[in-house]
Number of protein chains: 2
Amino acid sequence: MGFMDNLKQVLEIEDCSLQHKGLILLSQRYMGGDMSEEKKPGSERPARQRRKMQSITMMDVAEYAKVSPSTVSLYLRRPEAVSAGAGSAIAHAIDKLNYVPNLVAGGLAAASSRAVSIIVPSVRNAFFAETVAAMQTALRKERLQVILGHTEYDEREEEDLVRTALSWAPAAIVLTGLSHSETTRRMLSKVKVPVIEIWELGGPQIDAAIGFHHDQVGAAAARHLIQQGRRHLAYLGARMHEDRRARLRCDGFVAAASEAGVEVNVVQHPAPSSAEAGAMLLSETMQDFPQTDGIACSNDHVALGVLFECERLKIAVPDRLATIGFGDLSFSAACNPPLSTIRPSGDLIGKEAARLIVEHMAGKEPDSQTTIDTRFTLLHRRSS
Amino acid sequence: MGFMDNLKQVLEIEDCSLQHKGLILLSQRYMGGDMSEEKKPGSERPARQRRKMQSITMMDVAEYAKVSPSTVSLYLRRPEAVSAGAGSAIAHAIDKLNYVPNLVAGGLAAASSRAVSIIVPSVRNAFFAETVAAMQTALRKERLQVILGHTEYDEREEEDLVRTALSWAPAAIVLTGLSHSETTRRMLSKVKVPVIEIWELGGPQIDAAIGFHHDQVGAAAARHLIQQGRRHLAYLGARMHEDRRARLRCDGFVAAASEAGVEVNVVQHPAPSSAEAGAMLLSETMQDFPQTDGIACSNDHVALGVLFECERLKIAVPDRLATIGFGDLSFSAACNPPLSTIRPSGDLIGKEAARLIVEHMAGKEPDSQTTIDTRFTLLHRRSS
DNA sequence: GTGAAAGCGCTAACAT
DNA sequence: ATGTTAGCGCTTTCAC
């Protein structure tokens with residue numbers, strides 16, 4: 001259970017040389033606030049022998065570098081605040097002793113850990129994977145860790161994850177979407193941890209929000225298809241009962257279409273987005289609404305299935321049927337025909353979230369209710 | 001910076017009723033080992049007013065439930081070890097005070113945190129996303145958190161991530177693959193934290209390993225194509241210079257083919273796997289080796305590109321050219337024709353890893369060098 | 001079964 | 001710029 005015992009080994013190797021220099025490592029600790037009785041010289045206390053412990057601590061580094069522990073701590077957090085001499089002595093000690101700071105202890109003392117809790121529906125979803133990856137990369141440079149949680153589109157689960165997240169006294173909490181349980185909202189709103197909601201804009205937010213308006217995505221798709229001369233539209237959606245954002249895109253699509261006097265048939269599938277679902281939805285659509293000439297999909301997985309099914313049914317895309325997806329996934333540009341789609345910037349969302357967190361930690365006032373619209377891009381390729 | 005201040009508010013609301021019961025919350029703490037001087041009654045010390053702190057602590061729960069903090073701690077970790085009366089009093093107190101345990105403090109005291117560090121090349125990769133998601137779900141049930149790191153296929157980066165991971169005194173460290181820098185290996189081998197290497201088998205392992213043999217995957221693909229009567233094989237690989245496991249699959253493919261007296265042309269692309277890369281690789285292959293009649297791809301993204309390009313080039317699949325991929329990604333079964341592929345079980349890997357970790361924490365001896373072969377399945381669909 | 005005591009390794013207010 | 005000091009909130013012996 002003890003960890004970093006390797007360091008102890010290193011220490012043992014070095015031991016003789018250290019003794020030569022008259023240094024005593026692993027010596028008595030501050031016995032701060034100790035009782036006054038039996039503190040007579042000679043009654044050495046068995047320092048740090050009690051439990052499984054880290055071998056090399058900041059104290060050891062301090063002794064080796066002949067400075068105080070707090071100077072080491074300061075050096076670790078703000079090297080520029082320490083004199084060059086002390087700095088290099090500490091650096092040398094750290095290197096020599098192979099010291100690895102204990103962030104858990106640091107987190108406890110500082111009442112805020114260098115962890116950022118990111119809660120997404122699932123990292124299996126390429127959109128969130130992208131954001132999580134971008135955030136991890138950006139946060140890492142600031143020596144912040146990512147603690148990951150998956151809600152699987154369940155608000156109860158999210159609530160639980162938030163509760164646990166708070167147990168870690170994170171530097172920030174990142175949530176997906178603006179829709180959370182009452183309890184989640186209450187827990188969070190009364191806490192000083194910065195909360196960042198990602199991948200959705202356009203509703204009441206807890207603190208900062210970074211993302212885009214999903215209804216605008218739907219509207220853009222509708223306007224695009226109509227612009228292409230399509231008048232019989234359908235929206236194919238997977239898992240829209242759970243995926244609020246897919247639903248918002250659908251709503252935006254329908255609203256923009258009816259504004260233009262065009263009706264929309266919404267065809268749904270309860271399963272998660274997949275090419276298979278898309279294929280099924282397309283065949284269902286063409287059967288129920290054979291006049292359909294323009295289709296928008298809740299995302300590119302579904303659109304890919306549409307493309308495949310059209311090929312099988314010998315439906316010409318885009319001549320007979322125009323199709324547009326959402327996501328610009330890895331295969332979208334390579335499809336037959338290349339898939340028109342709307343690209344959100346998942347990585348930008350992650351980067352901006354990381355930036356906000358870092359700025360907040362640097363003391364910049366939380367400027368609550370910050371909203372960053374990362375927007376989206378309609379890629380007009382050959383499927384429409 | 002302080003967190004969970006919401007609890008303080010809850011407390012304030014409840015305050016009057018508590019006073020009624022004569023309870024004093026947020027009272028003096030144990031001033032354990034305090035100096036003897038000026039400890040006269042009347043000189044109250046300003047308890048817990050110094051820094052930004054958590055509002056409700058285990059001590060508050062203990063006072064409310066009229067038990068000692070250690071009993072609360074025990075109840076939280078092993079409820080069955082506490083008497084029914086004390087247990088329900090504590091449960092009530094926790095509920096009433098809205099207590100959220102501080103895992104950072106717990107981790108420090110226990111010298112091991114309830115965190116598991118998972119280090120993968122990237123969660124953008126569907127394979128690892130699957131495993132990470134499965135692990136997170138399984139670990140969550142044991143109240144373990146996932147700390148995520150991305151190496152981006154860089155051993156130096158991995159080394160750094162491992163170092164940071166150790167700073168968190170994690171309950172376990174999960175690494176991808178068996179290939180690590182010398183320093184990484186040294187840091188890890190001398191530490192008592194269980195290390196689990198995933199997604200690769202067949203080399204020297206640090207501790208436990210869960211995954212499968214990638215060369216066997218390649219061999220299975222080769223035998224399959226040869227069985228289908230193909231004699232002019234090609235292996236299309238993306239990013240094989242970085243992705244060791246893709247390279248192993250390729251090697252296994254080539255070896256099995258030459259064992260059967262069939263030669264293989266390996267065609268590579270340096271970019272990450274994508275349908276676009278696959279399309280390019282196919283056109284290159286058919287140009288350089290027009291007699292090719294069987295193709296294996298480093299994964300299904302590449303195979304999808306092959307399928308698309310064959311369609312564009314009017315190459316009949318599987319009649320003229322059989323294709324098999326790797327991964328069984330979400331679109332693979334829905335392709336035209338449905339893509340033959342080899343399915344690894346990314347989620348099984350995650351589940352087994354979680355199981356090992358939980359067992360280890362339950363005290364089961366690490367049984368080092370544990371190896372779990374999660375195997376793979378060849379799905380013979382219509383592309384071959 | 002329960003409680004008192006003693007830290008875990010670090011940070012940060014304060015003093016110098 | 002550096003050191004002194006007093007905890008952060010919890011776990012874990014060890015008595016009882």
Side-chain angles (χ1 to χ4, degrees), chain A residues 1-4 29-35 45-62 65-78 80-87 90 99-114 167 169, chain B residues 1-4 29-35 45-62 65-78 80-87 90 99-114 167 169:
Chain A
M1 309 263 219
F3 70 111
M4 290 181 248
R29 340 292 317 242
Y30 288 102
M31 289 291 115
D34 213 57
M35 47 252 87
R45 335 186 70 259
R48 60 205 321 279
Q49 308 296 23
R50 282 171 41 80
R51 285 218 288 278
K52 54 282 185 76
M53 283 165 299
Q54 184 170 327
S55 25
I56 305 296
T57 71
M58 187 177 278
M59 268 203 60
D60 298 319
V61 173
K66 298 192 195 297
V67 295
S68 77
S70 58
T71 305
V72 178
S73 173
L74 191 60
Y75 171 79
L76 252 27
R77 279 167 302 109
R78 299 194 287 113
E80 75 282 2
V82 162
S83 71
I90 292 168
Y99 170 66
V100 179
N102 184 329
L103 292 179
V104 179
L108 177 59
S112 166
S113 69
R114 297 196 71 84
S167 294
Chain B
M1 313 263 219
F3 70 110
M4 290 180 249
R29 338 293 315 244
Y30 288 102
M31 288 293 112
D34 214 58
M35 44 253 91
R45 334 187 70 260
R48 61 206 321 279
Q49 308 296 21
R50 281 172 43 79
R51 284 218 287 279
K52 53 285 183 76
M53 285 164 299
Q54 185 169 325
S55 25
I56 304 295
T57 71
M58 187 177 277
M59 270 205 58
D60 298 318
V61 173
K66 296 193 196 299
V67 295
S68 76
S70 52
T71 305
V72 177
S73 174
L74 190 61
Y75 171 79
L76 252 26
R77 277 168 303 108
R78 298 195 287 112
E80 75 282 2
V82 162
S83 72
I90 292 168
Y99 170 66
V100 179
N102 184 328
L103 293 180
V104 179
L108 177 59
S112 166
S113 69
R114 298 196 70 83
S167 294

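Below, chains carry the letters A, B, ... as their sequence lines are ordered, and counting in each starts from 1.
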Between [options], spot the one nearest the side chain of [X], thanks.
X: A/Ala109; options: D/dT2, D/dT11, C/dG9; result: C/dG9
X: B/Asn102; options: C/dC10, D/dC10, D/dG3; result: D/dC10
X: A/Met58; options: D/dC10, D/dT2, C/dT11; result: C/dT11
X: A/Val67; options: D/dG3, D/dT2, C/dA12; result: D/dG3

Checklist entry - With sequence neighbours left out, what residues match B/Ala65 under side chain to side chain contact (heavy atoms under 4.5 Å, CB included)? => result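 B/Ala65 satisfies side chain to side chain contact (heavy atoms under 4.5 Å, CB included) with B/Val67, B/Ala89, B/Ile90, B/Ala93 only.
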
Item to check | Partner set under side chain to side chain contact (heavy atoms under 4.5 Å, CB included) for B/Ser73, not counting sequence neighbours | outcome: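 Testing B/Ser73 for side chain to side chain contact (heavy atoms under 4.5 Å, CB included), a comparison that skips the adjacent residues, returns B/Met58, B/Arg77.
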
Take the protein atom [atom1] of [X] and the nucleotide atom [atom2] of [N], then report the distance between them rounded to whole Å.
X: A/Ile56; N: C/dG9; atom1: CD1; atom2: P; value: 11 Å
X: A/Leu74; N: D/dA1; atom1: CG; atom2: P; value: 9 Å
X: B/Met59; N: D/dG9; atom1: CE; atom2: C1'; value: 10 Å
X: A/Arg114; N: C/dT11; atom1: CZ; atom2: C1'; value: 13 Å
X: B/Asp60; N: D/dC10; atom1: CG; atom2: P; value: 9 Å
X: B/Ile90; N: C/dG3; atom1: CD1; atom2: P; value: 8 Å

Using a cut-off of strictly less than 4.0 Å, decide whether [X] has a side-chain nitrogen or oxygen near OP1 or OP2 of [N].
X: A/Thr71; N: D/dG3; answer: yes
X: B/Thr57; N: D/dG9; answer: no
X: B/Arg78; N: C/dG1; answer: no
X: B/Tyr99; N: D/dG9; answer: no
X: A/Arg77; N: C/dC10; answer: no
X: B/Ser68; N: C/dA4; answer: no

Checklist entry - With distance as the sole criterion, do the side chain of B/Ser70 and the base of C/dA4 form a donor-acceptor contact below 3.5 Å? => result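 Yes, a donor-acceptor pair under 3.5 Å.
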
Next on the checklist: Apply side chain to side chain contact (heavy atoms under 4.5 Å, CB included) to residues B/Leu76 and B/Tyr99 and explain how you reach the verdict.
Outcome noted: CA-CA 11 Å; B/Leu76 252 26; B/Tyr99 170 66; 3.8 Å; yes

Checklist entry - Out of curiosity, B/Leu108 CG to B/Asn102 CG, how far, rounded to the nearest 0.5 Å? => result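 Between atom CG of B/Leu108 and atom CG of B/Asn102 there are 10.0 Å.
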
Next on the checklist: Students often get this wrong, so: under 4.0 angstrom with heavy atoms, is A/Leu103 touching a base, only sugar-phosphate, or nothing?
Outcome noted: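 The answer is nothing, as A/Leu103 stays clear of every strand by at least 4.0 Å.
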
Checklist entry - What nucleic acid atoms does B/Ser73 come within less than 4.0 Å of, heavy atoms only: base, sugar-phosphate, or nothing? => result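 B/Ser73: base contact, heavy atoms under 4.0 Å.
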
Next on the checklist: I want to confirm an ordering. Mapping B/Gly87 and A/Val72 to their closest nucleotides on DNA chain C, which one lands closer to the 5' end?
Outcome noted: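 Of the two residues, B/Gly87 wins.
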
Checklist entry - Taking the side chain from A/Ser167 and the backbone from B/Leu103, do they hold a donor-acceptor pair closer than 3.5 Å? => result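 No, A/Ser167 side chain to B/Leu103 backbone: no donor-acceptor pair under 3.5 Å.
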
